[in-house]
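Below, each value reflects all heavy atoms present in this structure, side chains not excepted, and no hydrogens, waters or symmetry copies. Counting starts at 1 for both ligands and their atoms, in listed order.
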Amino acid sequence: MKVYYEKDIDLKPLTKKTVAILGYGSQGFGHSNNLRDSKVNVIVSDMKGGKAWEKAEAAGFKVFTAAEAVKQADIVMVLLPDELQADVYKSEIGPNLKKGAYLAFAHGFNIHYGQIIPPSDVNVFMVAPKGPGHLVRGEYTKGRGVPSLLAIHQDPSGDTKEIGLAYAAGIGAGRAGIIETTFKEETETDLFGEQAVLCGGVTSLMLAGFETLVHAGYAPEMAYFECIHEMKLIIDLIYEGGISNMRYSVSNTAQFGDLTRGPRVISDAVKCEMKSILKEIQDGSFAKEWILEKKANMPVFNALTRKGEAHLAEKTGQNLRKMMPWLQKEKLVDKSKN
Ligand code: NDP
Ligand code: MG
């Protein structure tokens, strides 16, 4: 598999173009600030009168409605919430796209599941950072980058790959590695990763551990440190040198428990459930459920989010973090700015 790095990439094709970043949220904040620091001409769009609009202006960007930004742009990067993109495309993006423009995404959902169907004379690519937008910015400012995926959906101009690579390098991804993929592969693996492992799997695993200890009569504070807080320290070791690196660092007792008990927690029944989750992604039933959820005004999303926020683990963590003021310094997420 070919991996592209900064040295393989020419940024010049990008510096002659105007890039409109639609949505100054997590990814929008990262992409726009990094591209500007890479000497690219960037304009930003967000909701008029909204907080993000003010944040973007305070950061020195020219901010427009989506329709106004698209009219001026050669490259339009859509960093709106996935569930809103199709509506905004219909009303503001599609009708204002310049001929020969490049339409870009950071996730393939709307193209892959046919929610957005751009005309054949528009170039379509994806640059999907494999990390949250705040990290895309944080790593860039440290001279580093977040690895990203590049995919080309349609290429009437014949140079969409060069433009896509330059864009990816502009946000700093060329420092860490850019891998070429397809919209299908990115969409399906990304959804699976976040559902089964990264967001869904990990949080359910931590909460199940926390609840098991608390129900057995142990203090919630103990349970929190053991099953939730310490996760980061373990993950840092894996991030740095893989699973064996983590096993080298923990005690032999921990390693023996890991090797013999881990596969019992993630049992065949769990793997079977993972397969069903993947199937729902591949056959479009997850996409349909999520699109209908949005249409119904997010009843399940809102109820489960509130239930999660009220969990004893969240309150316990809040109190424990008050005693660790250093955690509040150098935060990636500063809600007043990004
Ligand atoms: P966010 O929800 O953080 O940001 C979206 C922004 O768009 C918000 O500021 C929102 O404003 C604004 N917005 C909403 N409607 C409009 C509109 N009509 N016109 C202009 N602006 C509008 O999104 P993310 O950054 O999380 O996601 C963006 C894309 O990046 C998605 O495709 C996602 O899948 C992808 N992605 C996200 C990752 C992440 O870590 N977050 C990782 C990799 C890819 P308001 O808040 O006022 O509604
Ligand atoms: Mg993801």
Side-chain angles (χ1 to χ4, degrees), residues 20-34 43-59 61-71 73 76-96 103-113 115-116 124-139 145-151 153 167-168 171-173 176 178-179 181 183 186-195 198-199 281 286-287 290-291 294 298 301 305 332-338:
I21 301 292
L22 307 190
Y24 195 72
S26 173
Q27 287 292 324
F29 159 74
H31 290 222
S32 53
N33 283 279
N34 291 3
I43 58 173
V44 168
S45 155
D46 210 283
M47 296 292 276
K48 208 163 195 165
K51 279 225 176 74
W53 181 294
E54 283 169 28
K55 289 176 195 174
E57 267 185 348
F61 289 105
K62 286 188 193 144
V63 192
F64 303 92
T65 63
E68 288 164 0
V70 172
K71 275 182 205 161
V76 176
M77 174 53 96
V78 184
L79 298 176
L80 307 166
D82 295 308
E83 68 279 11
L84 293 184
Q85 290 181 9
D87 284 347
V88 181
Y89 180 84
K90 231 176 266 154
S91 58
E92 299 193 67
I93 303 171
N96 295 304
L103 183 64
F105 297 86
H107 177 41
F109 188 96
N110 283 287
I111 292 286
H112 179 59
Y113 293 114
Q115 301 303 298
I116 294 177
V124 180
F125 70 87
M126 166 169 46
V127 170
K130 291 284 95 188
H134 297 99
L135 210 60
V136 170
R137 180 60 182 159
E139 291 294 277
V146 170
S148 298
L149 305 180
L150 170 72
H153 177 62
Y167 186 101
I171 64 168
I178 302 161
I179 294 176
T181 179
F183 272 64
E186 185 278 338
T187 304
E188 294 178 354
T189 55
D190 187 69
L191 291 174
F192 178 78
E194 67 203 17
Q195 292 176 17
L198 303 177
C199 309
I281 293 166
F286 171 76
W290 178 218
I291 290 160
K294 165 69 187 146
M298 315 274 256
F301 183 93
T305 300
L332 289 167
V333 177
D334 175 350
K335 288 186 178 165
S336 69
K337 295 200 190 107
N338 58 37

Exercise. Measure the distances from the heavy atoms of G50 to every atom of ligand 1 and state whether one is below 4.0 angstrom.
Key: no

Quiz item: Can you name the residues that form a side-chain contact (heavy atoms from CB on, under 4.5 Å) with I179, not counting sequence neighbours?
Solution: M1, V3, L149

Quiz item: By number and element, which atoms of ligand 1 are closer than 4.0 Å to a non-hydrogen atom of G133?
Solution: 40 (O)

Exercise. Would you check whether Q85 reaches within less than 4.0 Å of ligand 1, judged by its heavy atoms?
Key: yes

Quiz item: Are any non-hydrogen side-chain atoms of I21 and Q27 less than 4.5 angstrom apart?
Solution: no

Quiz item: With a cut-off of 4.0 Å, which atoms of ligand 1 are near a heavy atom of V88?
Solution: 18 (N)

Quiz prompt | Aromatic plane relationship, F29 with H134 - under 30° parallel, 30 to 60° tilted, over 60° perpendicular | solution = tilted

Exercise. Answer yes or no for L22: is there a heavy-atom contact with ligand 1 below 4.0 Å?
Key: no

Quiz prompt | Subset of ligand 1 atoms that lie under 4.0 Å from at least one heavy atom of P129 | solution = 43 (C)

Quiz item: What is the distance from atom NZ of K130 to atom CG of L135, rounded to the nearest 0.5 Å?
Solution: 13.0 Å

Quiz prompt | Shortest non-hydrogen contact between I171 and V127, atoms and distance | solution = CD1-CG1, 3.9 Å

Exercise. Closest by any non-hydrogen atom to atom 19 (N) of ligand 1: pick that one out of Q27, E83, M47.
Key: M47

Self-check item: Contact partition for F105 relative to ligand 1, non-hydrogen atoms under 4.0 Å
Solution: neither

Practice problem: Flag the pair F64 / I43 as yes when at least one side-chain heavy-atom distance between them is below 4.5 Å, and no otherwise. | Solution: yes

Quiz item: Of all residues at least two apart in sequence or in a different chain, which pass the side-chain hydrogen bond (donor to acceptor under 3.5 Å, both in side chains) check with E92?
Solution: none

Quiz item: Measuring from the heavy atoms of S45, does anything fall under 4.0 Å of ligand 1?
Solution: yes

Self-check item: Residue pair L22, V70: steps toward the side-chain contact (heavy atoms from CB on, under 4.5 Å) verdict
Solution: CA-CA 8 Å; L22 307 190; V70 172; 4.0 Å; yes

Quiz prompt | Enumerated ligand 1 atoms positioned under 4.0 Å from heavy atoms of G131 | solution = 40 (O), 42 (C)

Quiz item: L84 heavy atoms, cut-off 4.0 Å: which ligand 1 atoms fall inside?
Solution: 14 (C), 15 (N)

Self-check item: Contact check: H107 vs ligand 1, nitrogen or oxygen atoms, below 3.5 angstrom
Solution: no

Quiz item: Hey, does F105 have a side-chain heavy atom less than 4.5 Å from the side chain of I111?
Solution: yes

Quiz prompt | Location of contacts on A52 toward ligand 1, heavy atoms closer than 4.0 Å | solution = side chain

Self-check item: Selection from L79, D46, D82, V127 by shortest heavy-atom distance to atom 28 (C) of ligand 1
Solution: L79

